[in-house]
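Encoded as structure tokens, the structure appears first; notes follow it.
Everything numeric in this text was worked out from a predicted model, so none of it was measured.
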Amino acid sequence: MAAEKGAIAQRGQMTRNSSVVLLAVTIFGLTYGLSAPLIALRLSAAGYSEALIGINAAMHAVGVLLIAPWLPALCRRFTPARLLMGSLISVAGLLALFPLLPSGSSFALRLLLGMATEVILVVTETWLNQQSVERNRARMLATYTAMLSAGFALGPFILTLQGSGGSAFITAALLAVVAAGTMLTARGLRLNSEIRTPRKLSRWLKLLPLALAATLLNAALEAAGMNLLAIYAMNLGWPEAQATSLITILMVGAIVLQLPIGWLADRLDRQGLIVWLAALSTLGALMWPLALHSLWLARFLLFCWGGVFVGIYTVIITLIGQRFQGAELAGAYAALSVAWGSVRSLARRLAAQRCHLLCTACPGWLPSCAPFSPVLP
């Protein structure tokens, strides 16, 4: 009886741990989804050029590049709870500073925000993957990706409700403080402690060719869809309200379809599934010009397309979780984050310049790269 009660208590604690970790990654998505458009709007209102706004957006990726090589060592030295609590408090403080300091300080704040949120992303991915058993690993990480997508969607929603004033920053900061407070309920949040030969970040780039190719694909597609889709539709004569609603539908698909994709990834060959998802992403992107001539066909396509291309990332982080553990897993995820952040930043900058070539060509040909990439070693 005592053993049974102990097992029930342990399962309850594990559920609480998973909940606070999922809340933390939702805050990551919220921070990214809110800060990108909000900072751009404030800088534009302050008279900054598009080039400077693009450089400001790139500071997030610079922060990722600076912190990524240190993440395996940080994961070995500190518990996940300490890392997450420290990062969430840092995020809250940085967000609160944006409306208080001059606009020029947003470059440094954006860099620091990139560093803090990168810790959240890598630690949450690593811990959840470690706690998953092989038979339901993909479903667990599909839940993770769905919460991440929900955070991305929540950011623009707050911006819509509160506008581009300082109150949106304060709201996001308060949510980050709440998430940090929930870390006090976490018990036994630890990563595997085995010590393996440390690898430089450049080594990960050679070890994970398929994972990196698919991550680059996901980042480019996400940036193209989020930044160029509405413009593309309006160029075809769509009213602004209907064009921007496509982004919402894309995000709903990215959230809702992750669990079915996770279910498939737990039953099928994962590398083969990535190829199929990439092929479907290609087909869906090639159908954009045709589908955008019909409101309901476009909505259906974007719902499915959002779920499929985000599903590529779900399966990739699952596949990496099969191969690595502990600090090495954190190193692998850090390498993927560097690739994702760099490509997304570049794609955002191209989007800011309204690059028509990217709008028409990138969605169609980038997904076709993944099926021909080398497999994991």
Is there a side-chain contact between [X] and [Y] in this structure, where contact means two heavy atoms from C-beta onward sitting under 4.5 Å apart?
{"X": "Leu112", "Y": "Met115", "value": "yes"}
{"X": "Leu109", "Y": "Ile39", "value": "no"}
{"X": "Leu95", "Y": "Leu113", "value": "yes"}
{"X": "Thr117", "Y": "Leu121", "value": "no"}
{"X": "Met59", "Y": "Ser106", "value": "no"}
{"X": "Leu66", "Y": "Leu111", "value": "yes"}
{"X": "Leu52", "Y": "Leu43", "value": "no"}
{"X": "Leu128", "Y": "Leu22", "value": "yes"}

### Task
Could you please spell out the steps behind the side chain to side chain contact (heavy atoms under 4.5 Å, CB included) verdict for Ile261 and Leu277?
CA-CA 9 Å; Ile261 290 173; Leu277 292 173; 4.3 Å; yes
### Message
With a sphere of 6.0 Å drawn around CZ of Phe157, does it hold more than 12 non-hydrogen atoms of other residues, nucleotides or ligands?
### Response
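Open.
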### Message
With a sphere of 6.0 Å drawn around CZ of Arg82, does it hold more than 12 non-hydrogen atoms of other residues, nucleotides or ligands?
### Response
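Counting other residues, nucleotides and ligands, CZ of Arg82 stays at 12 neighbours or fewer.
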For [X] and [Y], work out which heavy atoms get closest and say how close.
{"X": "Ala24", "Y": "Met183", "value": "CB-CE, 3.9 Å"}
{"X": "Pro37", "Y": "Gly33", "value": "CD-O, 3.1 Å"}
{"X": "Cys75", "Y": "Val123", "value": "SG-CG2, 4.2 Å"}
{"X": "Leu141", "Y": "Glu125", "value": "CD2-O, 4.5 Å"}
{"X": "Thr318", "Y": "Ala138", "value": "OG1-CA, 3.6 Å"}
{"X": "Trp127", "Y": "Pro80", "value": "CD1-CG, 4.1 Å"}

Kindly compute the distance separating [atom1] ([X]) from [atom2] ([Y]), expressed to the nearest 0.5 Å.
{"X": "Ile27", "Y": "Met147", "atom1": "CD1", "atom2": "CE", "value": "9.5 Å"}
{"X": "Arg299", "Y": "Leu301", "atom1": "CZ", "atom2": "CG", "value": "13.0 Å"}
{"X": "Thr143", "Y": "Leu259", "atom1": "OG1", "atom2": "CG", "value": "4.5 Å"}
{"X": "Met140", "Y": "Gln130", "atom1": "CE", "atom2": "CD", "value": "12.0 Å"}
{"X": "Leu94", "Y": "Phe169", "atom1": "CG", "atom2": "CZ", "value": "11.0 Å"}
{"X": "Phe98", "Y": "Ser103", "atom1": "CZ", "atom2": "OG", "value": "10.5 Å"}

#### Entry: side chain to side chain contact (heavy atoms under 4.5 Å, CB included) between Leu84 and Thr124, intermediate numbers included
CA-CA 8 Å; Leu84 290 175; Thr124 52; 3.8 Å; yes
Say whether [X] and [Y] are linked into one hydrophobic cluster, either directly or through other cluster members, by side-chain heavy-atom distances under 4.5 angstrom.
{"X": "Leu34", "Y": "Ile170", "answer": "no"}
{"X": "Trp296", "Y": "Leu290", "answer": "no"}
{"X": "Ile312", "Y": "Leu283", "answer": "yes"}
{"X": "Leu154", "Y": "Leu148", "answer": "yes"}
{"X": "Ile255", "Y": "Val310", "answer": "no"}

### Message
Would you say Thr171 and Gln162 are linked by a side-chain donor-acceptor pair, where the criterion is simply a distance under 3.5 Å?
### Response
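On atom types as modelled, these side chains qualify, holding a pair under 3.5 Å.
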Are any side-chain N or O atoms of [X] and backbone N or O atoms of [Y], one a donor and one an acceptor, separated by less than 3.5 Å?
{"X": "Trp238", "Y": "Leu292", "value": "yes"}
{"X": "Arg270", "Y": "Val315", "value": "no"}
{"X": "Ser294", "Y": "Ala291", "value": "no"}
{"X": "Asn56", "Y": "Arg110", "value": "no"}

### Task
Please work out whether the ring planes of Phe28 and Phe152 are parallel, tilted or perpendicular, with thresholds of 30° and 60°.
perpendicular
### Task
Check step by step if side chain to side chain contact (heavy atoms under 4.5 Å, CB included) holds for Tyr144 and Thr314.
CA-CA 8 Å; Tyr144 170 91; Thr314 296; over 6 Å; no
### Task
I would like to know whether Arg135 and Asp266 meet side chain to side chain contact (heavy atoms under 4.5 Å, CB included); could you show each step before the answer?
CA-CA 6 Å; Arg135 67 177 181 273; Asp266 282 330; over 6 Å; no
